[in-house]
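Only one structure is covered here, and it is reproduced in the block below.
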Protein chains: 2
Amino acid sequence: MLRAEGKAVHQCDSGWVPVFVDQEQSISLMSVGFLLEKPDEAVVWRGPKKNALIKQFVSDVAWGQLDYLVVDTPPGTSDEHMAAVDALRPYSPLGALVVTTPQAVSVGDMRRELTFCRKTGLRVIGVVENMSGFVCPHCTECTNIFSRGGGEELARHAGVPFLGSVPLDPELTRSLEEGRDFIQEFPQSPAFPVLSAIAQKILNETPAQLS
Amino acid sequence: MLRAEGKAVHQCDSGWVPVFVDQEQSISLMSVGFLLEKPDEAVVWRGPKKNALIKQFVSDVAWGQLDYLVVDTPPGTSDEHMAAVDALRPYSPLGALVVTTPQAVSVGDMRRELTFCRKTGLRVIGVVENMSGFVCPHCTECTNIFSRGGGEELARHAGVPFLGSVPLDPELTRSLEEGRDFIQEFPQSPAFPVLSAIAQKILNETPAQLS
């Protein structure tokens, strides 16, 4: 999505140098993908090895001064999640952003994710509903392909903020596929104002010393 | 999806009795969900505990005579996948059915899944492309919301059979949400002939002693 495939991670005195997405080095990345010799290689690792690498990604990368560190996890409540929460606890993380699709099977997974946050003492910034409704580009009628409202219902039920519903937009998929800048190219997308509002709500949560 | 939420697993002389979906006991289920006291409980387990339960689900459940045992895994190539492959190896499994959505990030994950199958000696039955195009119910125009063709390309690249592209259908989601019988109620769905054809191809793979 960020056109970083095939980039390599180097070593410096203060640790691994992350991969920079742009000239200005405004976004730096670290991923196990950068450490593999071939992109199709499978990381057939059991928990302990994954946990060790996640810890290293926090402690052994020369991140420098960051405004935000975003950790994108798979769904679930297992090794990856415990390792990330443990490794970040000394840094008092802002919290978890819980993303669900609207349908019941997905909301059920996220209910368990919220229980995990409570058990591990991780604050929940809020819930986002993704893939929420599709406006046909041919006739402009909206269809709720994956049902609708599950995310909002989940947030209300759990007593956490609901941050917004992001509609399906083929232009967003295409931008990500082709590594194009969605924000620059599709300001008229129905997903755009929702994503902006969600980002703004998270920015408003930022501790005073960062702003 | 199968209206089995809240059902409990009982113990008999030959092991755990699975949950039956219908009166005829034609489908029996086992899931960690049946072993939890509350449905929102998070299974905060590290790998070894998950591995032990997956082994038990194969060896300690009174499955009886089965035509097919379907193991639905999350995406990935970690503990769950290794444990399932290890536990089922003595039973010579038919193989892995690899399901992807069309876009590049998903296909990339599935390329690594195919590498995992090769490394662990698990045969690949074929690749299915899910969420492949959406026919608007209002104007009947098709939009490739998540791109298109990634699954077929993946199968060709890996030299494994491509079994079909399942279109998005809000009726399928709604049937699953409400626990209704999609096959009975929506035989006119565009997803129906594709799903039937995929099932038939898998049935054709069945070893002679079962048919």
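Since the structure is predicted, the reported quantities are computational estimates derived from the model, not experimental observations.
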With a sphere of 6.0 Å drawn around CD1 of Ile183(A), does it hold more than 12 non-hydrogen atoms of other residues, nucleotides or ligands? no
Mind running side chain to side chain contact (heavy atoms under 4.5 Å, CB included) on Asp40(A) and Met110(B) for me, showing each step along the way? CA-CA 9 Å; Asp40(A) 295 1; Met110(B) 289 308 117; over 6 Å; no
With the side chain counted from C-beta on, respond yes when Thr77(B) and Glu41(A) share a heavy-atom pair under 4.5 Å apart, and no when they do not. no
Does Asp72(A) have more than 12 heavy atoms from other residues, nucleotides or ligands lying within 6.0 Å of its CG? no
Just checking Glu5(A): does its CD atom have more than 12 heavy atoms from other residues, nucleotides or ligands closer to it than 6.0 angstrom? no
Proximity breakdown for Met131(A) and chain B, heavy-atom pairs closer than 4.5 Å: side chain
With rounding to the nearest 0.5 Å, note down the distance linking CZ in Phe146(B) to CZ in Arg174(A). 14.0 Å
Name the member of Val44(B), Asp109(B), Val105(B), Leu176(B) that forms the most heavy-atom pairs with chain A at distances under 4.5 Å. Val44(B)
In the structure I gave you, are the side-chain heavy atoms of His138(A) and Thr143(B) within less than 4.5 Å of one another anywhere? yes
Give a yes or no on whether the backbone of Ala104(B) and the side-chain of Glu177(A) come within a donor-acceptor separation of less than 3.5 Å. yes
Only one of Lys50(B), Arg46(B), Lys49(B), Glu80(B) clears side-chain hydrogen bond (donor to acceptor under 3.5 Å, both in side chains) with Ser78(A); which? Lys50(B)
Test item: Cys136(B) and Cys139(A) side chains (from C-beta on) under 4.5 Å apart, heavy atoms: yes
In residues 113-126 of chain B, which residues are in contact with chain A at a heavy-atom separation under 4.5 Å? Thr115(B), Phe116(B), Lys119(B)
Does anything in residues 158-173 of chain B reach chain A? List residues with heavy atoms under 4.5 Å apart, or say none. Leu168(B), Pro170(B), Thr173(B)
